[in-house]
Amino acid sequence: MPGWVHFIHSHLGVKVPVKGCVDATDRMPPMRKHQVSITWLTKYFRDHYESHPLTEESPEDEKARYACIYLIGMIGGVFFSNKSSNLLSCGWLRIIFGSWEEMGEYSWASPCLAMIYHKLCNASLKAVREVGGAMFIVQFWAWEHMPWIAPVKRPDRDWPIDHPLRGEAYGSRWLGHITCDNLVQHKLDEYRRRFERLWEGEVTS
């Protein structure tokens, strides 16, 4: 672990505490074995940004540090997240702190999809109660293939080929939200009711 603490300090200029400091969000140290708390890192830089905001005149290495924090949040908290969406395996840091030109050549979609399959496979086990990975991709897939649980779909737009919104994000195909409280459990209950109504309709027909 001390090696990773030094590695992070040499690239981000911050020494992540290992003992005697607990993350207020998940009640664990910012550094846990070979994982680092994304919440702690982003909060540290957010607090630092309030007193030292980035400007056009900011040093390039300072801009690079904030870009790395953004990548840490995207990789560890969105596309390759664990169940807590808060811990990043330090192995990712070698890629994030490496060559950005090489990073742009990597196939990111393939490992992201592989991780989704892996997490869904684990979630099928009886003892598992949570799931990690980029579940928003699974949600978009469900909305596309199960329209009875999806929000209202946007009308198709035939943007000109040079329009800035042409090829817009896949998730922007839908408008609005499902009419229920913005709590995961309530949405799950709503999905179940919709499936039950669909099933009853198929049975009666």
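Just the heavy atoms: all of them, side chains too, but no hydrogens, waters or symmetry mates, feed the values below.
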To the closest 0.5 Å, what do you measure between [atom1] ([X]) and [atom2] ([Y])?
X	Y	atom1	atom2	result
L71	M74	CG	CE	8.5 Å
F140	F136	CZ	CZ	6.5 Å
I75	W108	CD1	CH2	4.0 Å
E130	N82	CD	CG	9.5 Å
M135	S81	CE	OG	7.5 Å
L88	I8	CG	CD1	8.5 Å

Search all heavy atoms of [X] against all heavy atoms of [Y] and return the closest pair with its distance.
X	Y	value
S58	T55	OG-N, 2.7 Å
L12	C68	CD2-CB, 4.1 Å
W100	A67	CH2-CB, 3.2 Å

Next on the checklist: Once you measure the plane-to-plane angle for W4 and F7, does it fall in the parallel (<30°), tilted (30-60°) or perpendicular (>60°) bin?
Outcome noted: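 Ring orientation of W4 relative to F7: perpendicular.
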Let me check something: do [X] and [Y] share a hydrophobic cluster, defined by ILVMFWY side-chain heavy atoms less than 4.5 Å apart, either directly or through other members?
X	Y	answer
W141	L113	no
I137	L120	yes
V131	L125	no

Is there a side-chain contact between [X] and [Y], using heavy atoms and a 4.5 Å cut-off?
X	Y	answer
I95	M103	yes
V138	I116	yes
H48	E62	yes
V36	I72	no
Y44	I69	no
S89	H34	yes

[X] (side chain) donor-acceptor with [Y] (main chain) under 3.5 angstrom:
X	Y	answer
K63	E56	yes
S124	C121	yes
N86	T39	yes

Please determine whether the number of non-hydrogen atoms from other residues, nucleotides or ligands lying under 6.0 Å from atom [atom1] of [X] exceeds 12.
X	atom1	value
K15	NZ	no
Y117	OH	no
Y70	OH	no

Item to check | Evaluation steps, side chain to side chain contact (heavy atoms under 4.5 Å, CB included), between R65 and F97 | outcome: CA-CA 9 Å; R65 290 193 188 101; F97 298 150; over 6 Å; no
Checklist entry - Are F80 and W92 an aromatic pair by the rule of ring centers under 6.0 Å? => result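 That pair passes the under 6.0 Å test.
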